[in-house]
**Student:** 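I'd like to ask you about the structure that follows.
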Amino acid sequence: MYAPGRVGVFGGTFDPIHVGHLIVADVLRSALKLSEVRFLPAGRPPHKPDQQLSSDHDRVAMLGLALQDCPRFTISTMEIERAGPSYTADTVQSIRRDLSPESELYFLMGQDSLRDLPTWHQPWRIVDHARIGVALRPGVDVVLTDVFEAMPSARGRIDLVSVPLIGISSSDIRKAVASGGPIRFQVPPAVADYIQAHGLYLQYAATTPSG
């Protein structure tokens, strides 16, 4: 079951999107009864100015291939269309403004991001406009008191959801492609085909920041 008008926003570089992203999004969608999850490919993250990303076109194309059979998963390109640094607070406020007053907005993240949330740009604006849905790794505790001390307005606005432990990362996939290793069962088949057809990640360096 899901709640009509309850929308989740799942951000990331998605370079490339992999099955771990899809599993996390689906578990959060089910647990939080979301009617829609919007995948939000990041623009140029202000906190990672040196990160080398694949083109916006390639990242969005791979997202489209991965989500083509998932009717409750959609794509929003608003961050990559915005000029200059892209701040989550601006994005969340903009999405909230475009939804109906009856709708509920959830910003989805991993527990590492929750730990760092108080250090983001104007993080109180995020919790003002959206609840926070957090994917928890098995066996790892989250200390919410630290978050609440830094952001009192976050109290009652955070939902913790346990997800399976998924040992896949985009950076490991890029390294595997560069070294000629297999990736087919780490990304949807159509994404693997796209990576091969377009020669992505062949020049990937191990020192490139992960994303």
Side-chain angles (χ1 to χ4, degrees), residues 2 6-34 36-42 45-48 51 53 59 62-63 66-67 70 72-73 79 88-89 91-92 104-121 123 126-127 130-151 153-177 181-188 191-192 204 206 208-211:
Y2 65 92
R6 184 175 289 183
V7 176
V9 176
F10 187 25
T13 53
F14 302 120
D15 192 19
I17 185 170
H18 54 69
V19 295
H21 293 132
L22 299 174
I23 292 171
V24 167
D26 200 41
V27 171
L28 289 172
R29 180 200 59 76
S30 177
L32 300 175
K33 296 179 171 56
L34 305 176
E36 176 190 357
V37 175
R38 298 183 185 179
F39 283 69
L40 186 74
H47 60 295
K48 298 180 180 179
Q51 184 169 9
L53 297 178
R59 291 187 293 130
M62 288 187 286
L63 271 170
L67 306 182
C70 307
R72 298 205 183 279
F73 289 170
E79 285 207 338
T88 299
T91 298
V92 170
E104 293 182 274
L105 181 61
Y106 284 74
F107 187 76
L108 310 179
M109 63 173 60
Q111 64 189 57
D112 291 343
S113 294
L114 176 64
R115 179 197 61 207
D116 298 335
L117 180 60
T119 69
W120 291 14
H121 175 73
I126 300 174
V127 296
R131 294 185 65 87
I132 307 297
V134 182
L136 298 181
R137 292 181 307 201
V140 180
D141 295 327
V142 172
V143 181
L144 289 176
T145 53
D146 294 340
V147 177
F148 295 150
E149 286 179 5
M151 298 174 56
S153 60
R155 291 185 180 275
R157 303 282 289 167
I158 297 176
D159 297 283
L160 306 179
V161 178
S162 295
V163 300
L165 181 61
I166 307 159
I168 301 174
S169 72
S170 294
S171 59
D172 286 343
I173 291 170
R174 297 194 296 266
K175 292 175 186 177
V177 173
I183 63 166
R184 182 160 295 273
F185 296 105
Q186 299 178 64
V187 299
V191 173
Y204 177 78
T208 303
S210 62

**Student:** Mind listing the closest non-hydrogen atom pair of Leu34 and Tyr106 along with its distance?
**Tutor:**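 Result for this residue pair: CD2-CD1, 3.8 Å.
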
**Student:** Just jot down the side chain to side chain donor-acceptor pair (under 3.5 Å) partners of Thr88, sequence neighbours excluded, or say none.
**Tutor:** none

**Student:** Atom NZ in Lys175, atom OG in Ser169: separation rounded to 0.5 Å?
**Tutor:**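 With rounding to 0.5 Å, NZ (Lys175) is 7.0 Å from OG (Ser169).
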
**Student:** Check this for me: does any side-chain nitrogen of one of Glu36 and Arg72 sit under 4.0 Å from a carboxylate oxygen of the other?
**Tutor:** no

**Student:** Is any side-chain heavy atom of Leu114 less than 4.5 Å from a side-chain heavy atom of Asp112?
**Tutor:**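 In short, these two side chains do not touch, never coming nearer than 4.5 Å.
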
**Student:** Is the shortest side-chain heavy-atom distance between Leu53 and Arg59 below 4.5 Å?
**Tutor:**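 Yes, side chains in contact.
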
**Student:** Once you round to the nearest 0.5 Å, how far does CG of Asp26 lie from SG of Cys70?
**Tutor:**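 Rounded to the nearest 0.5 Å, the CG-SG separation comes out at 7.5 Å.
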
**Student:** Determine whether Leu28 and Val37 satisfy the following criterion, side-chain contact (heavy atoms from CB on, under 4.5 Å), listing intermediate values before the conclusion.
**Tutor:** CA-CA 9 Å; Leu28 289 172; Val37 175; over 6 Å; no

**Student:** Is there a side-chain contact (heavy atoms from CB on, under 4.5 Å) between Met109 and Phe10? Walk through the geometry before answering.
**Tutor:** CA-CA 7 Å; Met109 63 173 60; Phe10 187 25; over 6 Å; no

**Student:** Can you see which heavy atom on Ile173 is nearest to which on Gln186, and at what distance?
**Tutor:**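 Closest heavy-atom pair between Ile173 and Gln186: CG1-OE1, 3.7 Å.
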
**Student:** Going from CD1 on Ile23 to CG on Leu165, what distance comes out if it is rounded to the nearest 0.5 angstrom?
**Tutor:** 10.5 Å

**Student:** For Leu32, is there any backbone N or O sitting under 3.5 Å from a side-chain donor or acceptor partner on Arg6?
**Tutor:**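 Confirmed, Arg6 side chain pairs with Leu32 backbone.
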
**Student:** Which value, rounded to the nearest 0.5 Å, describes the distance between Gln111 atom CD and Leu144 atom CG?
**Tutor:**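 Atom-to-atom, Gln111:CD and Leu144:CG are 10.5 Å apart.
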
**Student:** Measure the CD-NZ distance between Glu104 and Lys33 for me, rounded to the nearest 0.5 Å.
**Tutor:** 11.5 Å

**Student:** Determine whether Phe107 and Arg131 make a side-chain contact, defined as any pair of heavy atoms from C-beta on separated by less than 4.5 Å.
**Tutor:** no

**Student:** Does a side-chain heavy-atom distance below 4.5 Å link Arg174 with Pro16?
**Tutor:**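 Arg174 reaches Pro16 side chain to side chain.
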
**Student:** With heavy-atom distances below 4.5 Å as the criterion, would you say the side chains of Ile132 and Asp159 are in contact?
**Tutor:**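 Not in contact.
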
**Student:** Any side-chain heavy atom of Val147 within less than 4.5 Å of one from Ile158?
**Tutor:**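 Yes - at least one pair of side-chain heavy atoms lies under 4.5 Å apart.
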
**Student:** Test side-chain hydrogen bond (donor to acceptor under 3.5 Å, both in side chains) on Ser113 and Asp116; report intermediate values, then the result.
**Tutor:** CA-CA 5 Å; Ser113 294; Asp116 298 335; 6.0 Å; no

**Student:** Between Ile17 and Leu22, is there a side-chain heavy-atom distance shorter than 4.5 Å?
**Tutor:**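 Result yes, sub-4.5 Å side-chain heavy-atom pair found.
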
**Student:** For a quick test of reading the model, state the closest non-hydrogen atom pair linking Ala176 to Pro182 and the distance between them.
**Tutor:**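 Looking at all heavy atoms of both residues, the closest pair is CB-O, 4.2 Å.
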
**Student:** Please state whether the rings of His21 and His18 are parallel, tilted or perpendicular, taking 30° and 60° as the class boundaries.
**Tutor:**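 Geometry flag for His18 against His21: parallel rings.
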
**Student:** For Arg155, enumerate each residue passing the side chain to side chain donor-acceptor pair (under 3.5 Å) test, keeping only those at least two apart in sequence or located in another chain.
**Tutor:**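 With sequence neighbours excluded, Arg155 shows a side chain to side chain donor-acceptor pair (under 3.5 Å) to no residue whatsoever.
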
**Student:** State, to 0.1 Å, how close Pro123 and Pro118 come at their nearest heavy-atom pair, and which atoms those are.
**Tutor:**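 Nearest pair, atom of Pro123 first, then Pro118: CG-O, 3.7 Å.
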
**Student:** Using side-chain heavy atoms (C-beta onward) and a distance below 4.5 Å, is Val24 in contact with Ile166?
**Tutor:** yes

**Student:** Which atoms form the tightest heavy-atom contact between Val27 and Ser162, and what is the distance?
**Tutor:**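 Distance-wise, the nearest heavy atoms are CG1-O, 3.7 Å.
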
**Student:** Between Val92 and Leu105, is the side-chain contact (heavy atoms from CB on, under 4.5 Å) condition met? List the steps.
**Tutor:** CA-CA 9 Å; Val92 170; Leu105 181 61; 3.9 Å; yes

**Student:** What residues, two or more places apart in sequence or in another chain, satisfy side chain to side chain donor-acceptor pair (under 3.5 Å) together with Asp146?
**Tutor:**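 For Asp146 there are no side chain to side chain donor-acceptor pair (under 3.5 Å) partners, ignoring immediate neighbours.
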
**Student:** Under the side-chain contact (heavy atoms from CB on, under 4.5 Å) criterion, do Leu136 and Val163 qualify, and how do the steps go?
**Tutor:** CA-CA 6 Å; Leu136 298 181; Val163 300; 5.9 Å; no

**Student:** Can you tell me how far the CG atom of Leu67 sits from the CZ atom of Phe39, to the nearest 0.5 Å?
**Tutor:** 5.0 Å

